[in-house]
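Just below is one structure, and these are the notes that go with it.
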Protein chains: 2
Amino acid sequence: MQRGYALPVSHQLPIVGQPQPERADAARNRQKIIQVAARMIELKGADQLSLDEVAREACVGVGTVYRRFGDRTGLVFALIDERERVFQEAFMNGPPPLGPGAGAAERVAAFLTALVDRVVDQQDLMLLLELGSPKVRFRGPYRLYHTHLTRLLAEVRPAVDPRFLADALLAPLNAHLISYQRDERGLTVEAIKAGARTLAQALTQPRA
Amino acid sequence: MQRGYALPVSHQLPIVGQPQPERADAARNRQKIIQVAARMIELKGADQLSLDEVAREACVGVGTVYRRFGDRTGLVFALIDERERVFQEAFMNGPPPLGPGAGAAERVAAFLTALVDRVVDQQDLMLLLELGSPKVRFRGPYRLYHTHLTRLLAEVRPAVDPRFLADALLAPLNAHLISYQRDERGLTVEAIKAGARTLAQALTQPRA
DNA sequence: GTTGCAACCGGAGGAATTTCCGCTTAATCT
DNA sequence: AGATTAAGCGGAAATTCCTCCGGTTGCAAC
């Protein structure tokens, strides 16, 4: 697995420059920790993820986990990383209507629909991600989503601040809300997607 | 202060029926705890609120705090309570356009605008509120907001599930996001309100 | 007043997160 | 190979949230 979000210490977007070398033992431990964490989540659910336990299970000190991943959110970034790359690739460079080639309005709708799937797909991890402080939360994938939507909205709706609209489109698709809608309100994933499309349509249709 | 959200043990909506008696010592402690908590927040910020410390400062055991308020979120409910009542009264029974008397679309817009003010007004406490688990978060004030909006939206936009739309209107006005937009994106409160109005308009305008 | 008991009290303690720091070791340079 | 050193390591300890339970007390009924 390549190094992704899980850079040492702080939460950063992927760096493509020269990846400064990582000592062999450090790399070994990172692997071990990620594997153990993934297995434990599969076993007992993401909400039961205890870093203490991960450390114990991986036969490393707690300090090692924290140095490698900063905090729990950092570890979750690393666990999400693989599928997240695929998703990002899809809306950045993939085929339309998600990727470039389709109209902005259509791409927004496609993006929101795909995002619902993305959230549902790794719901537990997404929930964990949203537990972090906002400083952290808005750095991860969210930042890229926001940039993407802002660009598209600026094309089609220049009258209103596209940065706000981008947030307004992303906010209803947060993992906690979706999870609540499904579990407590009884909404199906399809219903949520339909709602997302309605949202997209309402905000990309310029008016007088 | 009346008893509001801060009912013993669990998080509930206000009960207007007969308020079952509370022992004198219990009432005394509730007061003391609320006062100490309020003072500590004023002093060191809401994010530094430690229940252990509140207990120590109020000269009661930690257990007492937890029996009275259930958990941190419960205590925050109690602290919010007063202004929250005023706000709820305003959109339930106050003068239009916020209260009844105006058209549904207009009321939605007025509500969202007022909600922005509400969130900004007690931002720190709102942030704390959102930190609780979703089970808790969606019980407090949120539940009432959602019911209110759902009713209004059902009048004006029956084609789409109004419950989803209500969530979609509330989500962008969460305290974490607003705080981020103001601090990091440099958006003014006015800009956020303008965005909220745009949202309201886009979702209350029925289309083909 | 006395009494009975349900409600209440306080704080010890478990679980989890996160910080800190003295020791160890991998990688590099000579 | 040997020396140097920055990076890494592990776990003790501080902090916080929350639960639990043996002892205490307000209060209502007699």
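Protein chains get the first letters and strands the later ones, always in sequence-line order, with residue 1 at the start of each.
When rounded to the nearest whole Å, the span between CG of A/Leu128 and C1' of C/dT17 equals 13 Å. To the nearest angstrom, P of C/dA7 lies 15 Å from CZ of B/Arg30. One atom, CZ of B/Arg72, and another, C1' of D/dT15, lie 13 Å apart when rounded to the nearest Å. Regarding A/Phe69, its CZ atom lies at a distance of 12 Å from the P atom of D/dG8, rounded to whole Å.
Listed nucleotides D/dG8, D/dA12, D/dC17 differ in distance to A/Asp25; the shortest reach to its side chain belongs to D/dG8. Distances were taken from every side-chain heavy atom of A/Arg23 (C-beta onward) to each of D/dC9, C/dT18, C/dT25; the shortest belongs to C/dT25. Residue B/Tyr66 places its side chain closer to D/dT19 than to any other of C/dC9, D/dC9, D/dT19. With C/dC8, D/dA12, D/dC9 as the choices, the nucleotide that has an atom nearest any side-chain atom of B/Glu22 turns out to be C/dC8. For A/Arg68, the side-chain atoms get nearest to D/dG8 when compared with the rest of D/dA12, D/dC18, D/dG8. In this structure, of D/dG10, C/dC8, D/dA12, it is D/dG10 that holds the atom nearest to the side chain of A/Thr64.
Only B/Cys59, B/Val60, listed by number, bring a heavy atom of residues 46-60 of chain B to less than 4.0 angstrom from any atom of DNA chain C.
We find that B/Arg28 and B/Glu22 are not joined by a salt bridge, their nearest charged nitrogen and carboxylate oxygen being 4.0 Å or further apart. Note on B/Glu190 versus B/Lys193: salt bridge recorded, some NZ/NE/NH1/NH2 to OD/OE distance being below 4.0 Å.
For C/dA7, neither phosphate oxygen OP1 nor OP2 lies less than 4.0 angstrom from any side-chain nitrogen or oxygen of B/Arg67. Proximity of B/Asn29 to the phosphate of C/dC9: a side-chain N or O atom is located under 4.0 Å from OP1 or OP2.
Annotation: the span from A/Leu79 atom CG to A/Leu75 atom CG amounts to 4.5 Å, rounded to 0.5 Å.
The side-chain heavy atoms of A/Glu84 and A/Gln122, taken from C-beta on, include no pair separated by under 4.5 Å.
Of all heavy-atom pairs between A/Leu203 and B/Ala202, the closest is CD2-CB, 3.7 Å.
Pairs engaging residues 106-134 of chain B under the ring pair (Phe, Tyr, Trp, His ring centres under 6.0 Å) rule: B/Phe87-B/Phe111, B/Phe91-B/Phe111, B/Phe111-B/Tyr145, B/Phe111-B/His148 [sequence neighbours left out].
No side-chain donor-acceptor contact under 3.5 Å links B/His146 and B/Arg151.
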